[in-house]
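What follows is a set of notes on a single structure, which appears directly below.
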Amino acid sequence: MRIETVAVKAGLEPEGASRAIAPSITLSTTFERGEDGSYPGGFDYSRSGNPNRRALEVALAALEGGPEAVAFPSGMAATFSVIFSLSPGDHVVAADDAYYGTGVLLRDQFSERGIEASFVDMTDLNEVRSAMRPNTRLVWMETPSNPLIRISDVEGLAGIAREGGALSCCDNTWATPLLQRPLELGADLVMHSTTKYFGGHSDVTGGAVIVREPGATLEALRKMQSDGGLIPSPFDAWLTRRGLESLAARMAMHCDNALELARFLDAHPGVERVHYPGLEDDPGHALAARQMSGFGGMLAFDVVGGRDEAFAVAAAVNVIARATSLGGTHSLIEHRASVEGPTTRAPENLLRMSVGLEHPEDLKEDLALALAHAVR
Ligand SMILES: *Cc1c(COP(=O)(O)O)cnc(C)c1O
């Protein structure tokens with residue numbers, strides 16, 4: 001089955017006597033046991049398993065091409081669980097522009113518990129190679145990255161990890177398996193914030209990890225669910241599974257709209273620079289064209305001027321919403337530097353956009369008016 005079909009069908013069967021095509025939400029926390037002590041329905045208690053979570057995990061595994069997926073209540077719970085599977089004394093090499101919360105987690109929570117991390121520029125394979133130590137157990141990559149939409153070489157990074165005896169994990173939230181297939185490129189684990197494109201409508205928080213093969217890491221992740229209690233609710237799992245059904249159609253439109261907007265902004269005198277790998281002169285273009293099948297729905301641009309001008313543009317939009325996050329139907333714009341605070345790597349004149357599913361002409365008109373108003 002092709003990925004568009006997988007996104008619609010995987011993990012779902014017509015249900016029960018009604019033969020309902022859309023799955024129902026199973027709220028029961030407990031499931032009947034057979035006379036012989038077995039669980040004929042395949043579930044015993046909701047912390048260890050639930051039909052909606054199961055359907056979601058089957059679909060996520062199929063989409064990324066791994067044998068199993070483990071669903072979590074948020075992207076950060078997924079990241080937390082991967083790092084928690086390491087031991088004190090282990091070392092992590094992480095992208096210096098990984099999701100802001102990933103850096104915070106490694107610096108604040110895990111360094112206190114004896115897991116060290118080095119933060120490196122993952123677009124430079126030599127820098128990654130020299131950051132590897134004998135105790136490096138995990139290489140954490142994320143591409144495209146935030147906020148400069150930079151592209152790093154998944155195959156190259158996975159190779160460096162493997163040579164060093166470490167696992168590689170790719171945060172594939174921004175690309176989704178529709179555009180980028182980390183397991184095929186050699187990564188051991190794929191992590192997702194399903195809050196973004198998978199849910200797709202800005203109405204459900206979730207996360208997942210997909211493994212390349214069964215083994216110790218998969219077992220550790222399953223224990224985070226069954227023993228640690230890190231599970232999504234049945235409704236959240238249902239919403240996320242439902243979001244997947246339209247993922248392929250949405251991603252195609254996100255990519256088209258983002259490219260059109262990037263070209264428009266690139267030609268605009270009020271814009272100093274556009275960060276989008278779909279533009280031919282973007283530093284990540286060649287690599288993205290090779291390792292991705294589309295350039296994604298995220299872009300950033302530097303407004304002519306500084307912080308005040310960037311704020312003024314964000315203040316003047318009407319169709320585009322001023323909000324953080326990404327991957328939903330609504331286009332969102334945000335000033336990353338003020339969201340991330342003093343340790344930010346975002347330029348003060350940068351605005352990040354999650355390009356949604358509105359008509360691109362409406363988005364262009366909105367930005368044109370905002371730029372005319374703010375940048376003189
Ligand atoms: C949002 C996001 C996360 C964190 O996920 P939550 O669902 O907010 O916990 C991690 N990585 C990336 C790339 C994200 O965009």
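Count residues from 1 along the sequence. Order of listing sets the numbers, starting from 1, for every ligand and every atom in it.
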Taking only non-hydrogen atoms of Leu326 and a 4.0 Å limit, the atoms of ligand 1 in range are 15 (O)
Heavy-atom proximity to atom 5 (O) of ligand 1, picking from Ala175, Ala78, Ser193, Gly206, points to Ser193
Testing Asp97, Asp282, Thr143 for side-chain hydrogen bond (donor to acceptor under 3.5 Å, both in side chains) with Arg150, which one passes? Asp97
Verify side chain to side chain donor-acceptor pair (under 3.5 Å) between Arg250 and Ser246, making sure each step is shown before the conclusion. CA-CA 6 Å; Arg250 286 186 285 109; Ser246 59; 3.0 Å; yes
Would you kindly specify which portion of Thr102 sits under 4.0 Å from ligand 1, judged on non-hydrogen atoms: side chain, backbone, both or neither? neither
Can you label the angle between the Tyr197 ring and the His254 ring as parallel, tilted or perpendicular, going by 30° and 60°? perpendicular
Among all protein heavy atoms, pick out the one at the shortest distance from atom 7 (O) of ligand 1; state its residue, atom name and that distance to 0.1 Å. Thr195 OG1, 2.7 Å
Could you tell me whether ligand 1 has any atom less than 4.0 Å away from a heavy atom of Ser325? no
Which residue in the set Met298, His275, His335 passes side-chain contact (heavy atoms from CB on, under 4.5 Å) when paired with Arg352? Met298
Atom 9 (O) of ligand 1 [closest protein heavy-atom partner, distance rounded to 0.1 Å]: Met76 N, 2.8 Å
min-distance protein heavy atom vs atom 4 (C) of ligand 1 -> Tyr99 CE2, 3.3 Å
Is it possible for you to check whether Arg107 lies under 6.0 Å from the centre of the six-membered ring of Phe119, through NZ or CZ, and within 45° of that ring's axis? yes
How far is atom 12 (C) of ligand 1 from its nearest protein heavy atom, and which residue and atom is that? Asp171 OD2, 3.4 Å
Closest heavy-atom pair and its distance - Glu340, Arg345: OE1-N, 4.0 Å
Does Trp174 reach ligand 1 with a nitrogen or oxygen that is under 3.5 Å from one of the ligand's nitrogen or oxygen atoms? yes
Answer yes or no: does an N/O atom from Gly75 fall short of 3.5 Å to an N/O atom of ligand 1? yes
Considering only protein heavy atoms, which is closest to atom 1 (C) of ligand 1, and at what distance to one decimal place? Lys196 NZ, 1.3 Å
When you measure from the heavy atoms of Thr194 to every atom of ligand 1, does any distance fall below 4.0 Å? no
Any side-chain heavy-atom pair of Arg212 and Pro182 under 4.5 Å: no
Quick one: sort the Tyr276 and Phe295 rings into parallel, tilted or perpendicular, breaks at 30° and 60°. perpendicular
